[in-house]
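Here's the structure, in structure tokens; my notes come after.
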Amino acid sequence: MTPLLDIRDLSVSFRTRAGLVPTLDKVSLQLGRGEILGLVGESGAGKSLTGLALTGLLPPNAVVTAGSVRFDGQEVLGLSEAALRRIRGRRIGMVFQDPMTALDPLMRIGEQLVETIRHHLRLSRGAALDRAAELLDAVGIPAARQRLRSYPHEFSGGMRQRVVIALALAAEPELIVADEPTTALDVSVQAQVLELLRGLCRDRGTAILLVTHDMGVIAETADRLAVLYAGGVVEAGPVGPVLSEPGHPYARGLMRAIPQVGAARDSLVPIEGAMPRPGQWPGGCRFQPRCPLARAACGEPPPDVPLGSGHVARCQFAGVEEEPRHARA
Amino acid sequence: MYLNTIISRLLQAAWVIVAVSAIAFALFQYVGDPVSQMLGQDASAADRDALRRDLGLDRPVALQFLQFLGNAARGDFGLSLQQGRPVMDLILERLPATLELTVFSTAIAVLLGVPMGMVAALRPRALVSRAIMLVSLIGVSLPTFFIGILLILAFSVILGWLPSFGRGPVADIGVWRTNFASWDAFRYMLMPAFTLALFQLTLIVRLVRGEMMEVMGQDFIRFARARGLPARSILVRHALKNALMPVVTIIGLQLGTIIAFALITETVFQWPGMGLLFAEAVAFADIPVMAAYLCLIAVIFVTINLAVDFLYILIDPRLRRGHGASR
Amino acid sequence: MIRSVLASDLAWRLSRSPGAMLALAVLVTLLILSLFAPVFAPQNPFDLATLDLFSGLTPPVWREGGRAEYFLGTDEQGRDLWSAILYGMRISLAVGLVSVVLSMVVGVAIGLIAGTSGGWVDTVLMRVADAQLALPAILVALLIDGAARAVVDVAAQQSLAIPVLIFSIALSGWVQYARAVRAAAMVEMRRDYVSAARLLGLGRARLLIRHVMPNSIGAVFVLATVHVAAAVVTEATLSFLGVGMPPTVPSLGTLIRNGYDFLFSGEWWVSIFPGCALVLLVFAVNVLGDWLRDTLNPRLQ
Amino acid sequence: EITWASQDDAATLDPHAFNHGMTMTVLAHVYEGLVRRDRDQRIEPALAESWDQPTPTLWRFRLRPGVSFHDGTALTADDVVFSIRRALSDASDMKIFTASIVDVRAPDDLTVEVETEFPNAALIQSLPEVRIMSRAWAEAHDAGSPSNVREGKENYASTHANGTGPYRLVSREPEVKTVLEANADWWDPDTPDVTKATLVRIASGPTLVAALLTGEVDFAYPVPLQDIPRVEATDGLKVLTGPEIRTMFLSMDQASETMKYGSVTDANPFRDRRVRQAVYQALDMDLIATKVMRGSATPTGNLMAPGVNSVAPELQARAYPYDPEAASALLAEAGYAEGFRVTLDCPNDRYVNDEQVCQAVAALLARVGITVDVNAMPASKFFPKVGGRDSSFNFFGYTPVNLDAFNTLSVIVHSPKDGRGQWNVGDFSDAEIDGMINEVLSEMDAEKRTELVTGIMRREAELVGHIPLYQQGLSWGMRDGITTPLAIDNRVNLTWFELD
Amino acid sequence: MLELEALSVTYPVGRRARLAALSDLSLKARAGQTLAIVGESGCGKSTAARAVAGLEEPSGGRVLLDNRPLAPAVERRSREERQAIQMVFQDPMSSLNPRRSILHTVAEPMLEMGLVRTLGQARPLVEAALAEVGLPGADLSRYPHQFSGGQRQRICIARALAGEPRLIIWDEPTSALDVSVQAQVLNLIQRLQRDRDLAYVFISHDLGVVDHVADEVAVMYLGRAVETGPARQIMRAPRHPYTRALLAAIPSLAATGSRARIGGEVPNPMAPPAGCPFHPRCPEVRPACRAALPELRPLTESRRVACLRAEDLYGEPTT
Ligand SMILES: Nc1ncnc2c1ncn2[C@@H]1O[C@H](COP(=O)(O)OP(=O)(O)OP(=O)(O)O)[C@@H](O)[C@H]1O
Ligand SMILES: Nc1ncnc2c1ncn2[C@@H]1O[C@H](COP(=O)(O)OP(=O)(O)OP(=O)(O)O)[C@@H](O)[C@H]1O
Ligand SMILES: [Mg+2]
Ligand SMILES: [Mg+2]
């Protein structure tokens, strides 16, 4: 079966003053119906860009230099604005990172919902209002009917984030790209939102691309996981194995650096250094300058090493038992 | 709910007006001597002194000001020294002309400027946009009086399409004297209004362009696009509405200036409005008229800005108090 | 150095914008021409002894009756227009630049104080600003100019005309700076680096000058470029109303105003050439100002 | 029916409130005096059919019977007495015309007797300006005295009019437009061609010209000098030009010990006749007249134009020729070889090209080493300043309103004392001349009077009391279909208009 | 060393109303130890920190340093007092003046505190300070925007250390950083404490981080402390229902599937619920909870809890 979403070798560059700066490099991801794919990675790794590329909402100075993005068998890259508009919202819903700025401050919540619903589903105003109320209710906003008349600023951050999700759901899209839907939220509200997304997959077969840099969120939500580092996928596979037996040194380092309640005090082992910014990528493996395992061979582009059951890591030492070589505990 | 706000704003407004008239009064005595203008060259020095005394012009300025305030509070602005008629009558007579001119020209400026600004913002590199910015720049680069006379030269003298001066065959509707009642009278308003509009147009085009560019880059616009909303709806319902808010404020703030600028347009086109009245008053050193005019401008300015403030509150829900979150 | 980085960045952006480049070139040329007016001008139009009444209203050189020594023709006093334009531009520029700097300084100071004090200080200052705004620039200038002319010693008036013009234009300009800076300062005050500086016990003046001000005046420079142009035009308009520069020391505005009377009589050059110079100048400044605003606004990139 | 435009408007309709050219021009169409001027500025009967002088100080006028005001009431001697008294009252601005009158009486309904303090040869010259209004009408509308601005009350007569003149007021918007309609009941059988006239005010010169060029107005004045050729070159338009009776001149402060506004702090150069003469000889009036005034002005050597009663034509020649070298020599002789600096006060909204002329004067004087700062200002500041003798050097113009030499002599030439020399702002003073001026007042013999005036002016010119420059030019623009004589006092008279 | 006595702060909201952002907070911090304050966003953590630092004037209570009360406003504190307390903020970008080079930034406290006279004297000290926070050899003439987030936070730390304080207040110093960088910074913070015997007040909403650094913990809800005590005890055996819910809501790498969540919305701080502020969301709520505000009472010698039912609650939290 062809996946609902099939991204192959997507490369994106930015036109900047220093010329074309490659920022996404050969990103490949697949996502089937009813599946949640977690996309994790440090800030600036290219997570949001990947999400935006799907619907042609890249910033004006971005250029797709290679690759293909197929949605339900149809090539999305290079579609006209009009054709994209038929996909956006209707078939692919987007949840934006920052709920504070994603809503029109001058328009009532209900109006924003009704506008979207009517445009896509061609309902009467009354029916659209009913549906808007249902949606708000579904995302867990109490007294949904009355709240339709509220303005965004009257909602708390968590509620706004849920409105953003409701808007993304308005036309029952087949795919939802959720870009850090919980970063702005408290732990308590965060759980609520993730619950909702999981419910959608379960009940409607919606596919979700869940962008985040929070491993904990992935652990409890995603089916599969892709780890992005400096514009490329360094590891991908089912959530369990990737978290418990990461193959790429970066992923391993990441797991160790997360402080956990109840874990031993001194067990935080940071990855030294910082992720290189686009334009400053080293040749070969881009993790090499920070990698405890780095050798001369890392100067070559690393291979994708399969680790079983669809688990792949882009490191020549993947699967090889790591030597405890890092300098300091 | 807003009563408190309204009252305190009104009080502040009153202070603004008193301050404006105080400043103005302090300066009047230097503008010139009305007495020398009120009597012919052949009048004797004693006559002049007598007149000065009769008018109370020999008293200290502070005293004159206080008396002015006292009278003004009772709605009495005195007699025009030049025309010997109540200043209030004069101003009310001229007010419609200036208001029609400024409102009409503002309408032209808004109706042309907003779409032009939008085009310039949406396609900053397109040829039209560059042309729009160029034209809008000419609007600020050439002094108003110069544009006015060039228009007269072109449209009245050379082409003979439009009348060159005055208000033409106006119609009286009640106490209001209007140019809108007939095409014939309306023609008289075209050139002065356009001259005045050009000055505002520039401002509006630039403001709208800047605000639109800013708003278009904002997240909620991207989110609206991500929802697949039609371009028109995004542009008008989301972008424009948000972009116009600051534009309205600035236009409100500028209106005083525009009414003052009308002075120049009115002079060039001999448009019988308040600006012309003021220009005459300055030449004649007609203090009561000058004082009343400045107060009136301050009142109009304050009123409009009060209105803009409340409009803001009406349009922007974030400014209404007593709602939800405290951030 | 952020400044040099910014500068090189600006230079790079400038090189990518032909319009802005052209405007800059025009502006620099005009600046040089007017700054070194005595070098480029064949006549000193302010020196009455060099004026030849007899050569009044000579048309430009390419028209019948034109004379080589008066390239752009002369006005009715026999003033060489080319020279008058160069000298006049000097005055217009001086008035424009100085008045803007003046209103900028006052505006920034008031804006900073209002934006960082809050409470009644803020209210009072902003009401003063309202009062100022309620009196439109031109009227203020009219009144101040009138007053100044009456108060100062007549012999000093010639030399005081420029300061008076500058003062009256500046007085009506500060409000916008104050508002912009106030808004920015209110935002900056909430930033943590201000708190960090307060933790060190920095006095208020130093806090404002060292930390808040540099981060609040970005918008001011952009405003200023546009205001220079506006001030030059305001000066011209004041001349039209009869309170500009004295006729013996004409600015661009005074020249246009004088020539305005000759528009219908066929002696168009008396006003059209200074008019063109004014348009060129204001245009260049505005183009640069617009470009600067778009370039410096991070949100528009 | 015509539309006429002027740069100025009547300031008021009250016939006794304001002695001002345009006001008098408009009023002359509505109100009349006992006498009026004909096309050659000669006195002819108007409301008075005839008059005689039983004694040198008593004038007796016989009123024209059957004359009525616009509101229908008949004119009686009582109205005339009322009007002259009104013109004599404190608030009146017409006192200059009635100055010598001590009593007015009405022995019967059609006779009026006016008694003067002393024999006044020029009284009849002043009477066209003393306009007659209806006593009943004025009193009914509480307009018994002019100019109620003093009392802070509106004056009905300043916005309404009820005269006996050729036109009745139809409507008036001050500063905008005034509509006059021919008075069908006018006593003069010579009915005017113009049956309805709309006066519009266009202050801006170029706009005024535009209105004339587009045909929006039939008649406009003054046409700015520079636009005269353009208007004349336009099909269907013409411009009447000619010298005005107003003479422009420079005054130098000769009273102050030291110069008020100038570089010389220990003396007053203008007290030295040689300096004054040097200034005179440095000025080329012909050049100013041809270049700055574009040939519309008439250079003159006298403070009074020809055409003023008792002024001999030969006075118009310059007393000293234009000669910059002689001027420099005179300056050196007076001890100012290096020249000096002085401020020239100058109105900028009062006379034709006033500011430009001052600049030209400055440029010409610069050549002999005198640096002149031109201090141009609006009339509302200029007159109080100069009238208050707060000036070293100024540019001034004067028209004797009653077209009689005594007026100029008394106001401009006589020493400032005894209520005379009011606008002798340089305080030129010569006892001999003062004495001769007194003689002019009561000299009833025209020829002797002219001789006296000539003597005075010769002496004045020799002393360089003032520096006469030129007579301002008149320029009336109109369509070809209008024929009218040009009035040297710049007063348009619609009754003289002939239309095709 | 540092003591907060019944500290309260209110903010004016609109024209008349005031918001009680912090009510009656009493805490102690000791040299060489870390006092952590945790709680959901908006519960008043930063407010407490700012009041201690003297950036916000308390409406009640006081702050004692070495048993001597401090002036409420930092500008009125003595130089020694100012020098003793420094603060590091949440967002490293906004806490550095974008127009000042790092040399100026880090040298400023040294100059202000009188440790050096001239910028030249400060230079070597600045270099040393930057080396200590892991930025050896950094170009001193660079500006904040030329550094990454982690580096910027290190600069902030160097600036805080430059005045040689005895107590540092950390207001969520790592919440703007990525986990990999967060670990670097947390390690640095702990090393500095050991090396210099510093007292820390550490504010965070991340219980994992808190568990990692804290000796003592205070849990806050709606401007009040609801539970205080030694970190280990609180993290292992929470007694207040809110603390229990918080701990249960933490996502863990190991567990997949749903986790516990606190129901309901955070109440409006302008109108906190009567009685126990947590009662509308509390799974253990009893009628008495709605009646009166439970006081923060001692449970053991070192622990205090503001809950009527503290004694009944132990073991696994109820979901
Ligand atoms: N308009 C732009 N011009 C140039 N570079 C850009 C632009 N937008 C993004 N980038 C760069 O692209 C890279 C990837 O950005 P992206 O927004 O996808 O990161 P991210 O992984 O979503 O990070 P975060 O977690 O901070 O949201 C970043 O390094 C960023 O600097
Ligand atoms: N300047 C202020 N004016 C008005 N209210 C404020 C102000 N600062 C904070 N508040 C309010 O005070 C309460 C406590 O704020 P505080 O910043 O201390 O919370 P916090 O616990 O630090 O939250 P976060 O985790 O989001 O930083 C909040 O409700 C906040 O909205
Ligand atoms: Mg992102
Ligand atoms: Mg906080």
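Per chain, numbering begins at 1; letters A, B, ... match sequence-line order. Computation of the quantities below employed the complete heavy-atom set of this structure, encompassing side-chain atoms and omitting hydrogens, waters and symmetry-equivalent molecules. Everything numeric in this text was worked out from a predicted model, so none of it was measured.
Looking only at side-chain heavy atoms (C-beta outward), B/Pro272 and D/Lys177 stay at 4.5 Å or farther from each other.
With respect to chain D, the highest number of heavy-atom pairs below 4.5 Å among B/Ile152, B/Val268, B/Asp89 belongs to B/Val268. When each of D/Leu208, D/Thr12, D/Leu13, D/Val176 is checked for heavy-atom pairs under 4.5 Å with chain B, D/Val176 comes out on top.
For D/His160, the ring-ring contact (aromatic ring centres under 6.0 Å, His included) test picks out D/Tyr156, with sequence neighbours left out.
Using a 4.5 Å cut-off between heavy atoms, D/Arg230 touches chain B through its side chain atoms alone. Interface residue D/Thr159: only side-chain heavy atoms are found under 4.5 Å from chain B. Contacts of D/Ile202 with chain B are made by both backbone and side-chain atoms, with heavy-atom separations under 4.5 Å. When heavy atoms are compared at a cutoff of 4.5 Å, D/Val209 does not approach chain B at all.
Contacts of residues 160-167 of chain B with chain D at a heavy-atom distance below 4.5 Å involve B/Pro163, B/Ser164, B/Phe165, listed in sequence order. Contacts between residues 185-195 of chain B and chain D, counted as heavy-atom pairs separated by less than 4.5 Å, involve B/Tyr188.
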Report the C-alpha distance between D/Glu175 and B/Arg94 in whole Å, list the side-chain angles of each, state the deciding distance to 0.1 Å, and finish with yes or no for side-chain contact (heavy atoms from CB on, under 4.5 Å). CA-CA 11 Å; D/Glu175 307 287 320; B/Arg94 300 295 190 94; 3.3 Å; yes
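A distance of 10.5 Å separates CD1 in B/Ile158 from CG in D/Leu213, rounded to the nearest 0.5 Å.
Taking a 6.0 Å sphere around CZ of B/Phe155, one finds it holds 12 or fewer heavy atoms contributed by other residues, nucleotides or ligands.
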Report, one line per pair, each donor and acceptor closer than 3.5 Å where one atom sits in a side chain of residues 273-280 of chain B; sequence neighbours left out.
from: B/Glu280; atom 1: OE1; to: D/Arg201; atom 2: NH1; distance (Å): 2.7
from: B/Glu280; atom 1: OE2; to: D/Arg201; atom 2: NH1; distance (Å): 2.6

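Nearest heavy atom pair, residue B/Thr267 against residue D/Ser204, reads O-CB, 3.7 Å.
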